[in-house]
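The first residue in the sequence is number 1, and the count goes up from there. These values consider heavy atoms only, across backbone and side chains, with no hydrogens, waters or symmetry-generated copies. Just follow the structure's listing: the first ligand is 1, and inside any ligand the first atom is 1. Computed from a prediction, not measured in an experiment: that's the story for all the values here.
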Amino acid sequence: MTDTSTTPQVATDQRETAPGFGAAQVLLKPRKARPFYGRHPWVLDTAIDRIVGQVDDGDIVELIADKQNFVARGILNRQSRIQVRLYTWDSAESLDEAFWRRRLEAAIRLRDVLGYNVFEGACRLVYSEADGLSGMIVDRYAEHLVVQVNALAIAVRLDQIVPLLVELTGAKSVSLRSEKGFVKAEGIKQQQGLFCGELPEGPIFISEHGLRFGVDLVAGQKTGFYLDQRENRREAARYMHGRRVLDLFCYSGGFSLAAAVLGQAREVVGIDSSERAIALACANAEINGVANVQFDVHDCFEALNTLRDKGERFGAIVLDPPKFTRSRQSVDEALRAYHRINRQAVDLLEPDGILVTCSCSGNVSRDDFLFMLSGVAQKTGRDIQVLQQRGAAPDHPVSATCLENEYLKCFICRVA
Ligand code: SAH
């Protein structure tokens, strides 16, 4: 069990017994219950009055309002600001193996309905709160799974959950990943590498829109591939016919290859600062027999200046930078950075060019992002027509009761 010796922010009162329920209880402060009756799954330390009963981090607790009313059942982690993650609002439902099985089955059923859960394909099988499984992401790459463990609640139950995943998917291997931010916030161990099964040497090959991509499950970014951009890659390609395309922050070439093959672009230049990503992108161009794409290792912020100095012009530009902000405090700074690169991209666009501009910063809202584009239009004197306002693919659903898991914006625009 995890070390709980760090001072809990909420005192545990072990003298009181938990009337009626059995499991330890987390009592809410007066007037703090509303979000949880509203099915928001994160109980922050500030909402908690006290904990009744003896309980370790990672154990199941009941959330109680007004001294006696059951609100929900969840899992405790006093080391995190999210002290309880809620998993069920049904007092009769316990968080046992059958529960995890039901939730995983429901998540997989959705991907079946979407037509995403196909043999050679890749998709997000489980997306955390949006699938009622707070703190857990599962991506499937052909016959292999990658589980991103973002909460202690999940970390201490891997031996229970992973075998269920294997049973339900027939996966040949399960690898683990965890993001640094969550490791720190949740007080869990960094999880990286093969958890069970066998993983062949070298990349796993997946297909997306008829294109083949090699995915590095061990050392690749995130869980190996940016699955969230799947539909955006295809949709953006529709506007690329005959154009010279610049794909900035191209990673393993997803937008570039879609532009070249699906979109019949004339020529594509893809740039990313990661050598590993560019090596994968080159290999991906080769296995798809694409010759009119060139990939370069470069800092994209510098590349924007260099391309301007050389007088280069493009008919379409894709901008898909990494997150610019992790906190609400730095949203303005992030918006200024978005403004700068979008403005530079617009300056490189031919008249009537296409700008595909993305932001994966969850703290930057759609409205903020649109407003930023309006500033770019003013400063450059070019009309920007937003043709499509898109988000992540539907295997990354947004929970209506946990809007925090919406993050991706992808706007396809015409720039006069
Ligand atoms: N468009 C890609 C995903 C991009 S993710 C796809 O569809 O797969 C963001 C990418 O930005 C990562 O590949 C990362 O290596 C790259 N990156 C981060 N900082 C960079 C910088 N300063 N210059 C160039 N690339 C950068």
Establish, for the pair R111 and Y116, whether the NZ or CZ atom is under 6.0 angstrom from the six-membered ring centre and no further than 45 degrees off its axis.
no

Quick test: of every protein heavy atom, which one is nearest to atom 4 (C) of ligand 1, and how far off is it to 0.1 Å?
F249 O, 3.2 Å

So that I can tick it off, tell me whether E105 and R102 are bridged by a salt bridge, with the cut-off set at under 4.0 angstrom between side-chain N and carboxylate O.
no

Closer than 4.0 Å to some heavy atom of S274 - which atoms of ligand 1 meet that?
15 (O)

Tell me which protein heavy atom sits closest to atom 12 (C) of ligand 1, plus the residue, atom name and distance to 0.1 Å.
Q221 OE1, 3.1 Å

To check your reading of the model: name the closest protein heavy atom to atom 18 (C) of ligand 1, its residue, and the distance in Å.
P322 CG, 3.5 Å

With the threshold set at 4.0 Å, does a side-chain nitrogen-carboxylate oxygen contact exist between R414 and D352?
yes

Using a 4.0 Å heavy-atom cut-off, which part of A277 comes near ligand 1: side chain, backbone, both, or neither?
neither

Protein contact to atom 22 (N) of ligand 1 [nearest heavy atom, distance to 0.1 Å]
D299 OD2, 3.1 Å

Nearest-option assignment for atom 6 (C) of ligand 1, heavy atoms, candidates R233, R276, H298
R233

Which of the atoms of ligand 1 are close to F301, meaning less than 4.0 Å from one of its heavy atoms?
22 (N)

May I ask you to decide if the ring planes of Y338 and F324 are parallel, tilted or perpendicular, using 30° and 60° as cut-offs?
tilted

Are any of the side-chain nitrogens in D139 or R124 under 4.0 Å away from the carboxylate oxygens of its partner?
yes

Among all protein heavy atoms in this structure, tell me which lies nearest to atom 23 (N) of ligand 1, with the distance rounded to 0.1 Å.
C300 N, 2.9 Å

For the CG atom on D383, are there more than 12 heavy atoms of other groups (residues, nucleotides or ligands in this structure) within a distance under 6.0 Å?
no

Take N150 and E186, measure what side chain to side chain donor-acceptor pair (under 3.5 Å) needs, and give me the verdict at the end.
CA-CA 8 Å; N150 292 341; E186 289 280 313; over 6 Å; no

Could you tell me the residue and atom name of the protein heavy atom closest to atom 20 (C) of ligand 1, and the distance to it rounded to 0.1 Å?
S273 OG, 3.2 Å

Which part of F225 is near ligand 1, with near meaning a heavy atom under 4.0 Å away: side chain, backbone, both or neither?
neither

Taking only non-hydrogen atoms of Y226 and a 4.0 Å limit, the atoms of ligand 1 in range are 3 (C), 5 (S), 8 (O)

Quick one: do D216 and R276 make a salt bridge, cutoff under 4.0 Å?
yes

To which protein heavy atom is atom 1 (N) of ligand 1 closest, and what is the distance rounded to 0.1 Å?
D320 OD2, 2.7 Å

Once you measure the plane-to-plane angle for Y127 and H396, does it fall in the parallel (<30°), tilted (30-60°) or perpendicular (>60°) bin?
tilted

Record the part of C250 in heavy-atom contact with ligand 1 below 4.0 Å; permitted values are side chain, backbone, both and neither.
backbone

Report the nearest protein non-hydrogen atom to atom 10 (C) of ligand 1: residue, atom name, distance rounded to 0.1 Å.
D272 OD2, 3.4 Å

Going by atom types alone, do E120 and S207 pair a side-chain donor with an acceptor below 3.5 Å?
no

